[in-house]
S.K.: 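Can you keep this structure in mind? I'll have questions shortly.
The analysis underlying the following values was restricted to heavy atoms, covering all of them including side chains, and did not include hydrogens, waters or symmetry mates. Quick caveat, the model's predicted, so the values are computed rather than measured. So that the names make sense, note that chain A is the first sequence line, chain B the second, and so on, each numbered from 1.
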Amino acid sequence: MSNAYDHTAIETRWRKHWEETALFRVANPGEPGFDAKRPKYYVLDMFPYPSGSGLHVGHLVGYVGTDVVARKKRMEGCNVLHPMGWDAFGLPAEQHAIATGRQPRDANAVNTANYRRQLKLVGLSYDWSREIDTSDPRYYKWTQWIFKRLYERGLAYQAEVPVWWCEELKTVLANEEVINGRSERGNHPCVRRPLKQWMLKITAYAERLLADLDGIDWPESIKTQQREWIGKSEGAEVEFGVEGSADRLVVFTTRPDTLWGATFMVVAPEHALLARVPASHRAAVDAYVAAAAAKSELERTDLAKEKTGVFTGLYAHNPAFEPGDPRGRVPIWTADYVMAGYGTGAIMAVPGHDERDHEFATRFALPILEVVRPPAGEKGLADGVCFSGDGVAVNSGPIEGLATAAAKQKAIELLAARGVGKARVTYKLRDWLFSRQRYWGEPFPLLHLPDGRIVVVDDAALPVELPAMDDFKPAGDGSAPLARAKHWVEIRDAHGALAARRDTDTMPGWAGSCWYWLRFMDPANASAPWSHAAETYWGPVDLYVGGAAHAVMHLLYARFWHKVLFDLGLVHTKEPFQRLFNQGLLTAFAYQDATGRLVPNADVEDRDGKYFKRGSGEELTQIVTKMAKQLGNVVNPDDIVAEHGADTLRLYELFMGPLADSKPWNTRDISGSRRFVERVWRLVVDPDSRDALRPHLAVDQARAELSGDALELEKQLHRAIARVDASFGSFNFNTAIAALMTFVNEASKRPQALTRSQAERFVLVLSPFAPHVAEELWARFGHERSLAYEPWPAVDARFLEDDTIEIPVQVLGKLRGKVVVPKGAAEAEIVAAARAAVPTWLEGKTVVKTIVVPAKLVNFVVR
RNA sequence: GCGGACGUGGCGAAAUUGGCAGACGCGCGAGACUUAGGAUCUCGUGCCGCAAGGCGUGGGGGUUCGAGUCCCCCCGUCCGCACCA
């Protein structure tokens, strides 16, 4: 038998061993083998949707990171819940199935098998007995069950609302799935269209979704994004009268103090008041409304364009003034810079103190009044500039002279006293559009009765299974594919009469991921989504790792569902994910020609660090960008594992840089990680012998006091372990691996001094990062059991310090020498030694000040 | 435009509270062992300079004995949001 490092043999052996012994399986409370004395740790990855192209090395960054955490936590004595599953329903999976001409169910089976294989290949220590698939009826039964709970609480409703419709995808999309008027998936154009849809009342939880962000350990950037998305703003609702009518025009404003400066009103083109437009202005308004409706959202929201609008012929009366006071008579315009869906869809325009109103007033020559005087030194209307900050109220009757904050308060009181206004809080957050006219999703557990009533399907009749359909493609007219499954849709009574029709929409891809972390706690439960005992033990997720791309959608939806479940008494925490961490994006090199066009990697030639296009010989520029299939810069982990091994891949992924950073993959650099693994191997094993271990490691040395090189290595080892421990604080495992490399370098210089105990502890510390080779070496030390649950080696502070300290000596802040002094040397002694170390720099000078930082440095200030 | 993150050698990156800038690795150079080397080992490697020394953390100012780190201004990159009244 060869004793050379053979990654394929080693990794295959240990993969098999872990699988056969179900080593990473963790018991639930009440199950055999459950140890209640151990603390729990739930570390979760954002589960993937299994695409047809498989995993690339970028997907693995986060998974390797959480695996390292999970493995260390086990060694620290925790019961570790570390599961994996598949977010299988949804648009991308369905689009892929259509593109490849397969049934989504079949494609999913193939894809998940491939993902599972790849994840196992990398040695990720998931408890595979907990694997879940959101498209499995045993799973989505409970997604439907939870939907029912939302429905019963009045949090799900049907409404005819203007929604995003994507002609290419033949479905409606949520606001969050449309970016600049194009679908997030596939970049297809989308238009607004009124359609009857299922909505979830996430707005009812807006305040709690906002407030509870304060108690969780999440990146500030994600919290900020969620806060902005929820978009709370405090202000007032004000009722304006409409001249010649009993109608009231209600507006929302954050600046009720500027009421005295309102010189016109603007309503959105969709506003109901436009039905009242007099005949004299009807044609112009209708034309404007039609034009606005025809515009794409991109055109409407383009900030660069000039504001447009038309006068409606209507006048409003500003409640700040007495009826009949001409200052209170203001024209009502309609313009598309006012959004129908926010506030009341109407505004009071205060052109003196709002940039947008100012621009509009300037364009249409409407009057501009100053009602807020800016603080001294700031420019205001007197300088021809619109001032929108805080100042002092002027020209404002009863609130004259008040500072903005007080003026707002007083204005609201005055309006409230007269019954024409009140304080109001508004959120940008809209209710969540929850239905899709697509096939590959959870059917709604709802029945439409002939009399128009809607009833829920009995819990006992769940799941409502998705019927098999040969042709599941979206219909050209936008109707749901499920509507074509007649036998499934129509429910007949014993006499064959139509008793009810099933709802034919399906839930969006986000549904399954709104509660999956809970199912992982008790995945096989057939009588409940999870048991109380499992949830109270495992919840909440201690560490949740995934891409920042999910900052708003998934993480907001998931928090929303979790809070509903909390209100139902089904979970015991307000928040699902105590700590969130975003791993950085893995980028890769790509090549650009002179025109900036990207050239696929296959067409690029490397000549002495310069890059040329194959064939034409055109010189190319190397850039760093996302991995993308079209650019041919996607790296498949299968290839890396085959050539270098999973341990090397894991080490390289972590060694590149901090987990949170974006960083470029560079295949050239992998060899450093591979060499490290081989150096570790040779430190313990002699490749030229047939022995399991190097002879001096094969026997236990006497427990004599360490001295000489062995003592030095002991210190080095404790330093390395301390640095590894520290790296878990902010997941900069690159420094952990650097520490391990440093130890191996030191040990390789004195191979005979390394003790068996040191080598064993080193292998344990290495194991979270490179588990296969660590297991192999551990076994060679004669251990029969895996190291996965061995205690994590402790750092002894005594070994972190030396007897002597090297202290840098500066003159005028510049390094001029170094001295070695005994630990704990007196200050005078240190200064004397320091002076002696830099004689030429002190010669002929006067030392005016000596700065001594104990054990750190000495700095002489000279003149 | 607003909000957030960031900018350090040829490359990926290190650097408790302000205290030796560039750890660790890639690449590169020299040497050793070799029939050979995409193996291994040793030494070197921020820039300028023969050297003494000087200069260096995007640019400019400041605070300090001392600044990658703190403050002000500017430039650039990436990521969100985008007329939200």
Side-chain angles (χ1 to χ4, degrees), chain A residues 4 179-180 219-225 227-229 231 233 235 251-255 258 266 300-305 307 335-339 341-350 353-357 359-360 388 426-430 548-549 551-552 582 584-585 587 589 609 622 624 651-652 655-658 660-673 675-676 678-679 682 687 723 726 729 732 734-742 744-745 748-749 806-818 840 848-851 853 855-862:
Chain A
I179 296 158
N180 289 336
E220 214 41 56
S221 63
I222 302 283
K223 288 190 185 184
T224 302
Q225 283 185 55
R227 286 190 189 107
E228 285 176 359
W229 190 263
S233 68
V251 300
F252 172 73
T253 177
T254 55
R255 292 298 297 270
T258 62
V266 184
R300 266 186 78 161
T301 58
D302 183 2
L303 280 169
K305 70 147 205 233
K307 289 200 169 25
D336 65 5
Y337 81 90
V338 171
M339 307 285 118
Y342 182 75
T344 61
I347 62 158
M348 64 177 207
V350 184
H353 306 287
D354 181 283
E355 296 284 353
R356 298 150 302 185
D357 298 344
E359 191 189 330
F360 193 82
S388 57
T426 296
Y427 300 90
K428 284 192 218 171
L429 184 70
R430 318 286 169 83
V552 178
N582 297 124
L585 200 71
T587 51
F589 292 123
Q622 187 181 61
V624 164
L651 287 166
Y652 176 61
F655 187 61
M656 276 191 284
D661 290 8
S662 283
K663 55 231 161 203
W665 176 275
N666 189 349
T667 299
R668 185 188 74 184
D669 291 347
I670 296 173
S671 54
S673 298
R675 279 178 206 152
F676 168 63
E678 296 205 30
R679 281 164 74 90
R682 287 197 307 269
R723 289 182 64 192
N732 48 347
N734 53 325
T735 63
I737 293 165
L740 296 174
M741 287 174 167
T742 303
V744 171
N745 291 346
S748 299
K749 284 182 201 159
E806 189 184 59
I807 294 179
V809 183
Q810 297 182 341
V811 177
L812 285 173
K814 301 206 178 204
L815 182 71
R816 297 303 180 191
K818 292 178 184 185
T840 57
V848 293
K849 196 172 177 186
T850 304
I851 289 138
V853 183
K856 279 283 183 191
L857 64 53
V858 178
N859 186 15
F860 294 111
V861 184
V862 298

S.K.: Using heavy atoms to find the nearest nucleotide of RNA chain B for A:Leu812 and A:Lys818 separately, return the residue whose nucleotide is more 5′.
M.R.: A:Lys818
S.K.: State which of B:C20, B:G19, B:A14 makes the closest approach to the side chain of A:Pro658.
M.R.: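 Shortest atom-to-atom distance from the side chain points to B:A14.
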S.K.: Which pair of non-hydrogen atoms, one from A:Leu815 and one from A:Pro808, has the smallest distance, and what is that distance?
M.R.: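 Closest pair (atom of A:Leu815, atom of A:Pro808, distance): CD1-CB, 3.6 Å.
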S.K.: Between A:Lys663 and A:Pro658, is there a donor-acceptor pair closer than 3.5 Å when you use the side chain of the first and the backbone of the second?
M.R.: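 Flag set: sc A:Lys663 to bb A:Pro658 pair under 3.5 Å.
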S.K.: Look at the side-chain N and O atoms of A:Asn734 and state whether any lies under 4.0 Å from the OP1 or OP2 oxygen of B:A14.
M.R.: yes
S.K.: For A:Gln810, report the nucleic acid contact type (base, sugar-phosphate, nothing); a contact means any heavy atom under 4.0 Å.
M.R.: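 Contact class for A:Gln810: base.
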S.K.: Say you pick atom C1' in B:G46 and the same atom in B:G10; how far apart are they, in whole Å?
M.R.: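 My reading of the C1' atoms in B:G46 and B:G10 gives 11 Å.
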S.K.: Check the phosphate of B:A85 against A:Tyr342, side-chain N and O only, distance under 4.0 Å to OP1 or OP2. Yes or no?
M.R.: yes
S.K.: According to the Watson-Crick and G-U wobble definitions, with both distances under 3.5 Å, which nucleotide is paired to B:G31?
M.R.: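 B:G31 is paired with B:C41.
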S.K.: Please encode protein proximity along nucleotides 40-54 of chain B as a string of B, S and -, counting only heavy-atom distances under 4.0 Å.
M.R.: SS-----------SS
S.K.: Just wondering, do A:Ile347 and A:Thr253 contact through their side chains at under 4.5 Å, heavy atoms?
M.R.: no
S.K.: Can you figure out which of B:A85, B:A23, B:C81 approaches the side chain of A:Trp229 most closely?
M.R.: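 The answer is B:C81.
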S.K.: B:U35 and B:G49: how far apart are their C1' atoms, nearest whole angstrom?
M.R.: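 Between the two C1' atoms, the distance is 44 Å.
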S.K.: Does the side chain of A:Tyr652 come under 3.5 Å of the side chain of A:Asn666 through a donor N or O and an acceptor N or O?
M.R.: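 There is no such pair between these side chains.
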S.K.: To the nearest angstrom, how far is A:Asp661 atom CG from B:U8 atom P?
M.R.: 12 Å
S.K.: Do we get A:Lys307 above A:Phe360's six-membered ring, with its NZ or CZ under 6.0 Å from the centre and within 45° of the axis?
M.R.: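 No, a cation-pi geometry is absent between A:Lys307 and A:Phe360.
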S.K.: Taking the P atom of each, how far is B:G58 from B:A51, in whole Å?
M.R.: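 Pairwise P distance, B:G58 against B:A51, rounds to 28 Å.
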S.K.: Say you pick atom C1' in B:G68 and the same atom in B:G19; how far apart are they, in whole Å?
M.R.: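 Their C1' atoms lie roughly 13 Å apart.
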S.K.: B:C20 and B:C11: how far apart are their P atoms, nearest whole angstrom?
M.R.: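 About 24 Å, rounded to a whole number of Å.
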S.K.: Atom CE of A:Met656 and atom P of B:G27: how far apart are they, to the nearest Å?
M.R.: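 Rounded to the whole Å, the gap is 16 Å.
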S.K.: What distance do A:Gln810 atom CD and A:Arg816 atom CZ have between them, rounded to the nearest 0.5 Å?
M.R.: 9.5 Å
S.K.: From B:C20, B:G12, B:A85, pick the nucleotide closest to the side chain of A:Asp669?
M.R.: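 Of the candidates, B:G12 comes closest.
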S.K.: B:A85 phosphate, OP1 or OP2: any side-chain N/O from A:Ser233 under 4.0 angstrom?
M.R.: yes
S.K.: Using a 4.0 Å heavy-atom cut-off across all strands, classify A:Ser671 as base, sugar-phosphate, or nothing.
M.R.: sugar-phosphate
S.K.: Charged N to carboxylate O below 4.0 Å: is that the case for A:Glu220 and A:Arg227?
M.R.: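 Result for this pair is yes, salt bridge flagged.
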S.K.: Where the side chain of A:Tyr337 is defined as all heavy atoms beyond and including C-beta, which of B:G12, B:G80, B:C83 is the nearest nucleotide?
M.R.: B:C83
S.K.: With P as the reference atom in both, quote the distance from B:C41 to B:G59 in angstrom, rounded to an integer.
M.R.: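 Between the two P atoms, the distance is 38 Å.
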S.K.: Got A:Phe860 and A:Ile851 here, is their nearest side-chain heavy-atom distance under 4.5 Å?
M.R.: no
S.K.: What's the base orientation of B:G9: syn (chi within 90° of 0) or anti?
M.R.: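 The base of B:G9 is oriented syn (glycosidic angle within 90° of 0).
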S.K.: For the side chain of A:Thr224, counting heavy atoms from C-beta on, which of B:A15, B:A23, B:G3 is nearest?
M.R.: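 Comparing B:A15, B:A23, B:G3 against the side chain of A:Thr224, the answer is B:G3.
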S.K.: In this structure, how many angstroms lie between the P atom of B:U17 and the NZ atom of A:Lys856, rounded?
M.R.: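 Spelled out: NZ on A:Lys856 to P on B:U17 is 10 Å.
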S.K.: By nearest atom, which of the nucleotides B:G19, B:C26, B:C83 is closest to the A:Asp336 side chain?
M.R.: B:C83
S.K.: When you compare B:C79 with B:C74, how far apart are their C1' atoms, in angstrom units rounded to a whole number?
M.R.: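 Comparing C1' positions in B:C79 and B:C74 gives a spacing of 22 Å.
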S.K.: Which nucleotide wins on minimum distance to the side chain of A:Lys307, given the candidates B:G12, B:C83, B:G4?
M.R.: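 Selected nucleotide (nearest to the side chain): B:C83.
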S.K.: Do the ring planes of A:Tyr342 and A:Phe252 sit parallel (below 30°), tilted (30 to 60°) or perpendicular (above 60°)?
M.R.: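 A:Tyr342 vs A:Phe252 ring planes: perpendicular.
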S.K.: Name the closest nucleotide to the A:Lys663 side chain, picking from B:G12, B:A23, B:C11.
M.R.: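 For A:Lys663, the side-chain atoms sit closest to B:G12.
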S.K.: Hey, does A:Lys428 reach any base, or is it just sugar-phosphate, or nothing, if we go heavy atoms under 4.0 Å?
M.R.: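 The residue A:Lys428 makes base contact.
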S.K.: Taking the C1' atom of each, how far is B:G18 from B:C70, in whole Å?
M.R.: 8 Å
